[in-house]
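So you know, we letter chains A, B, ... as the sequences are listed, proteins then strands, and number each from 1. Everything numeric in this text was worked out from a predicted model, so none of it was measured. The figures here come from the full heavy-atom set of this structure, side chains too, leaving out hydrogens, waters and symmetry mates.
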2 protein chains.
Amino acid sequence: MKNTSYTISELATEYEITPRTIRLYEEQGILSPQREGRRRIYSERDRVRLRLTMRVRRLGMSLAEARELIDMYSNPQDEEHQLHTLLERLQAHRDRLLAQHRDIELTLTEIGRVHEQAQQALSRLRQERG
Amino acid sequence: MKNTSYTISELATEYEITPRTIRLYEEQGILSPQREGRRRIYSERDRVRLRLTMRVRRLGMSLAEARELIDMYSNPQDEEHQLHTLLERLQAHRDRLLAQHRDIELTLTEIGRVHEQAQQALSRLRQERG
DNA sequence: ATTTACGCTTACGTTAACATCAGTTATTTT
DNA sequence: AAAATAACTGATGTTAACGTAAGCGTAAAT
């Protein structure tokens, strides 16, 4: 059984963020560590949710969006209506990610173009100097 | 010849942003429209730079990063040292974009998993209700 | 000739996502 | 026992990226 638990500074070190940030994520409802007195004890689940949060934050999502998405990962709905809106929200996130995917490819193409030009300019310089 | 020019509100409408935002981008050195009296006149080049800015902003880049990257697109360097740092910066941007690319794929995989589960739960509900 | 529309500058307001600090408690380490 | 270490709760500060509003100029439409 994974019965591992973590302190706030362990997680902070692992993900290279400050404890302040981790507490903020709790305020935002993303994490919900247990307490041992006043101290926070983070479970493996908390750690996973933190990792997922960092991942989508790198993609420019807000904390609110991050929370929504991550909550959907583990939210077993029972009503048909709820399942429907879940599917819709998932599709919305997917659409956005696909758009970003395209944006990345376009940007990489541009970078590749400039990179090549720079390489050529560099070899020309070395030729002349030769 | 593309001698087209645009007013601020034309660009604002096209890219669904406010004039305020466009003026801000000028302050940040991303755009540099000509003036006709006090009025700003945007060239095709400005428009392209605005489009590129919007693109990388969707990827979560800051305006400073956007400016740096977009400036590199059109900056013909002449010194070897400058070409080297240009190549380095390009590679840094590329690395970051590739990391984002992976993050997107991971997130899409998760979403796909949840999406399937939800679909299945939905068909089960409909089966029962029959 | 005067509304109306568009644009300008200047300045203050706002929100998100933290950082920083002060003061306190609790727990190790020496 | 004393001191260092880690964590806690407020509270205030900071930065980026805008939004909003006031007051003014200019040009086009009625």
Side-chain angles (χ1 to χ4, degrees), chain A residues 4-43 46-47 49-71 93 96 100 103 107, chain B residues 4-43 46-47 49-71 93 96 100 103 107:
Chain A
T4 346
S5 70
Y6 308 87
T7 71
I8 197 165
S9 55
E10 282 171 354
L11 291 185
T13 303
E14 178 174 3
Y15 293 104
E16 297 182 318
I17 53 183
T18 66
R20 172 74 181 98
T21 300
I22 297 181
R23 290 189 199 104
L24 177 73
Y25 290 179
E26 178 178 350
E27 264 180 54
Q28 304 299 316
I30 293 174
L31 305 176
S32 38
Q34 289 179 270
R35 296 292 179 125
E36 196 176 287
R38 332 203 317 162
R39 301 219 156 148
R40 281 164 246 255
I41 309 292
Y42 296 87
S43 67
D46 288 316
R47 183 165 164 261
R49 288 176 68 94
L50 180 52
R51 181 166 53 247
L52 294 173
T53 303
M54 302 302 291
R55 180 184 293 163
V56 300
R57 287 245 67 218
R58 267 176 260 139
L59 299 175
M61 277 196 200
S62 71
L63 292 182
E65 289 169 314
R67 183 197 167 167
E68 195 213 13
L69 181 57
I70 294 173
D71 277 348
H93 279 280
R96 182 191 164 159
Q100 278 187 298
D103 284 333
T107 309
Chain B
T4 343
S5 71
Y6 308 87
T7 70
I8 198 167
S9 56
E10 281 170 353
L11 290 185
T13 303
E14 178 173 3
Y15 293 104
E16 296 181 318
I17 52 183
T18 66
R20 172 75 178 97
T21 300
I22 297 180
R23 290 189 199 107
L24 178 72
Y25 290 178
E26 177 177 352
E27 263 180 56
Q28 303 300 316
I30 294 175
L31 306 176
S32 37
Q34 289 181 268
R35 298 289 180 130
E36 195 178 287
R38 331 209 309 164
R39 303 219 155 148
R40 281 165 246 255
I41 309 291
Y42 296 87
S43 67
D46 288 317
R47 182 165 165 262
R49 288 177 69 94
L50 180 53
R51 180 164 56 248
L52 295 173
T53 303
M54 303 301 293
R55 179 183 293 163
V56 299
R57 288 247 64 218
R58 267 176 261 138
L59 300 176
M61 275 194 201
S62 70
L63 292 183
E65 290 169 313
R67 183 196 167 168
E68 196 213 13
L69 181 55
I70 293 173
D71 277 348
H93 279 280
R96 182 191 165 159
Q100 278 187 300
D103 284 334
T107 309

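The CE atom of A:Met54 sits 10.5 Å away from atom CD of A:Glu14, with the distance rounded to the nearest 0.5 Å.
Sequence order on DNA chain C of the closest nucleotides to A:Arg38 and A:Thr18 puts A:Thr18 first from the 5' end.
The phosphate of D:dA7 has OP1 or OP2 within less than 4.0 Å of a side-chain N or O from A:Thr7. Applying the 4.0 Å criterion to OP1 and OP2 of C:dA19, one finds that A:Thr21 has a side-chain N or O inside that range. Phosphate contact (OP1/OP2 of D:dC18, side-chain N/O of B:Tyr25, threshold under 4.0 Å): present. Put simply, B:Arg39 has no side-chain N or O that comes within less than 4.0 Å of OP1 or OP2 on D:dT26. Contact check, A:Arg23 against D:dC8: a side-chain N or O comes under 4.0 Å of OP1 or OP2.
A straight line from CD of B:Glu65 to P of D:dA16 spans 12 Å, rounded to a whole angstrom. As rounded to whole Å, 17 Å separates atom P of C:dC6 from atom CD of B:Glu36. One can place CD of A:Gln28 at 11 Å from C1' of C:dC18, the figure rounded to the nearest angstrom. To the nearest angstrom, C1' of D:dA7 lies 13 Å from CD of A:Glu26. Counting to the nearest Å, the C1' atom of D:dA21 and the CZ atom of B:Arg20 are 12 Å from each other. Per the geometry, CD1 belonging to A:Ile41 stands 15 Å off P belonging to C:dA26, to the nearest Å. At whole-Å resolution of the value, CG in A:Leu11 and P in D:dA7 are 10 Å apart. One interatomic measurement links the two molecules: CG of A:Leu31 to P of C:dC18, which rounds to 12 Å at whole-angstrom precision.
The B:Ser9 side chain lies nearest to C:dC6 when the options are C:dC6, C:dA19, D:dA17. Across D:dC8, C:dC8, C:dA17, the shortest atom-to-atom separation from the side chain of A:Leu24 is found for C:dA17. The side chain of B:Arg35 approaches C:dC8 more closely than any other nucleotide in the set D:dC8, C:dA17, C:dC8. Closest to the A:Ser62 side chain, of the nucleotides C:dG7, C:dA17, D:dA17, is C:dA17.
Counting heavy atoms from C-beta on, the side chains of B:Arg49 and B:Tyr42 never come closer than 4.5 Å. Residues B:Glu65 and B:Leu69 fail the side-chain proximity criterion, which asks for heavy atoms closer than 4.5 Å.
At the heavy-atom level, A:Leu63 lies under 4.0 Å from the strands shown only through sugar-phosphate atoms.
Looking at B:Ser9, its side chain never comes within 3.5 Å of a backbone N or O of B:Ala12 through a donor-acceptor pair.
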Item to complete: Take B:Leu63 and B:Arg57 through the test side-chain contact (heavy atoms from CB on, under 4.5 Å) and record every step on the way to the result.
Response: CA-CA 7 Å; B:Leu63 292 183; B:Arg57 288 247 64 218; 3.4 Å; yes

